[in-house]
Amino acid sequence: MAIGEPNHGTHEPLALRNRLIRFLVEQMGFTAVALETSFTESFALERFVAGGPGELHNTVRDNFSWGFGNFPENEELIQWIRGYNADTNIRQDSLLRVDLSGAQDGAFPQARRAVDFAITFLARGDSTAAQSLREKLEPRLKKFSTWIIPRCLRPNAKTCLEVAEITAALENNGLLSFL
């Protein structure tokens with residue numbers, strides 16, 4: 001089941017989402033919750049809901065992308081999932097993340113981290129392909145910084161060409177074929 005909200009940060013849709021998630025987990029047997037937050041930045045959230053270290057407020061604030069950690073409803077949801085998972089008589093729920101942007105509060109400081117993570121993940125199944133991809137991308141990734149994507153949205157042929165080269169290298173190695 002997928003639900004959305006008409007805009008980010010309004011109380012009513014997020015409160016309804018939290019109630020719906022609780023119902024689906026407690027009454028309907030759902031075992032995973034996917035949230036719109038960057039995959040690489042939110043590992044601490046996944047560890048936290050599984051009983052890992054951290055303090056609720058700082059963990060949520062610092063590990064949701066796009067500033068979504070500032071919404072109290074997201075803090076409430078993470079606290080509830082952690083509490084639910086702490087009950088040893090029931091299976092643990094997974095926290096899934098569905099955004100791979102590398103974004104934090106509208107900037108892209110960790111976009112390189114997302115690419116590095118994807119290559120590391122690829123290495124688990126095919127280390128030769130991962131090494132080949134890393135070698136092909138490395139000269140371009142040194143320029144892959146906080147501002148490469150926003151600059152590409154403005155007229156800047158050089159930066160957009162760099163983004164196009166990275167995209168082509170990913171396509172040539174079959175990493176974008178799922179789209």
Side-chain angles (χ1 to χ4, degrees), residues 1-127 129-130 133 149 170-171 173-179:
M1 164 175 278
I3 57 173
E5 70 248 19
N7 58 6
H8 295 304
T10 53
H11 169 72
E12 291 79 7
L14 293 174
L16 175 62
R17 174 208 62 190
N18 290 356
R19 290 183 64 195
L20 183 57
I21 288 171
R22 286 184 70 158
F23 171 78
L24 292 171
V25 169
E26 293 176 340
Q27 304 298 316
M28 303 302 294
F30 280 54
T31 60
V33 176
L35 298 173
E36 181 184 1
T37 190
S38 293
F39 187 74
T40 54
E41 291 86 318
S42 57
F43 274 123
L45 292 172
E46 183 178 8
R47 286 190 306 268
F48 185 78
V49 300
E55 180 272 325
L56 175 67
H57 178 73
N58 290 333
T59 299
V60 171
R61 185 194 66 222
D62 296 343
N63 294 287
F64 264 94
S65 57
W66 299 106
F68 294 167
N70 295 319
F71 303 149
E73 297 81 8
N74 285 335
E75 188 172 306
E76 291 165 10
L77 178 63
I78 296 301
Q79 181 177 8
W80 178 80
I81 295 171
R82 181 180 169 102
Y84 182 85
N85 285 341
D87 185 344
T88 57
N89 295 325
I90 42 185
R91 80 218 170 287
Q92 288 204 346
D93 271 20
S94 299
L95 178 66
L96 309 173
R97 292 96 56 203
V98 295
D99 198 348
L100 192 67
S101 65
Q104 186 63 38
D105 295 327
F108 292 82
Q110 297 171 351
R112 167 68 190 261
R113 187 174 163 201
V115 173
D116 287 338
F117 179 85
I119 292 171
T120 300
F121 182 80
L122 174 63
R124 291 184 195 171
D126 189 340
S127 60
L133 180 60
I149 303 301
L170 291 171
E171 285 174 343
N173 284 277
L175 293 177
L176 297 182
S177 61
F178 62 89
L179 295 177

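In what follows, residues are counted from 1 in the order of the sequence shown. Heavy-atom basis, side chains included; hydrogens, waters and symmetry copies ignored. Not measured: the values here are computed from a predicted model.
Put simply, CD1 on I81 and CD1 on I21 are 6.0 Å apart, with the number rounded to the nearest 0.5 Å. Rounding to the nearest 0.5 Å places CG of L16 at 10.0 Å from NE2 of H11. Here E76 contributes atom CD and R17 contributes atom CZ; the two are 9.5 Å apart, rounded to the nearest 0.5 Å.
In this structure, the side chain to side chain donor-acceptor pair (under 3.5 Å) partners of T10, at least two apart in sequence or on a different chain, are N7.
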Taking it one step at a time, do R22 and Q27 satisfy side-chain contact (heavy atoms from CB on, under 4.5 Å)?
-> CA-CA 8 Å; R22 286 184 70 158; Q27 304 298 316; over 6 Å; no

Determine, step by step, whether V33 and L35 satisfy the side-chain contact (heavy atoms from CB on, under 4.5 Å) criterion, reporting the C-alpha distance in whole Å, the side-chain angles of both residues, the deciding distance to 0.1 Å, and the verdict.
-> CA-CA 7 Å; V33 176; L35 298 173; 4.0 Å; yes

I would like to know whether L122 and L133 meet side-chain contact (heavy atoms from CB on, under 4.5 Å); could you show each step before the answer?
-> CA-CA 10 Å; L122 174 63; L133 180 60; 4.2 Å; yes

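Scanning both residues, I78 and L56, for their nearest heavy atoms gives CG2-CD1, 4.1 Å. Nearest heavy-atom pair across E75 and H57 is OE1-ND1, 2.9 Å. The two atoms that bring E73 and N18 nearest to each other are O-ND2, 2.9 Å, heavy atoms only. Minimum heavy-atom separation, E26 to W80: OE2-CZ2, 3.5 Å. Heavy atoms only, all atoms of each residue included: E46 and V49 are closest at O-CG2, 3.4 Å.
Looking at T59, its side chain does come within 3.5 Å of a backbone N or O of E55 through a donor-acceptor pair.
In this structure, the side chains of N74 and F71 come closer than 4.5 Å at one or more pairs of heavy atoms.
Under 3.5 Å, the side chains of R47 and N63 contain no donor-acceptor pair of N or O atoms. Defined by atom type and a distance below 3.5 Å, a donor-acceptor pair is missing between the side-chain atoms of N85 and R82.
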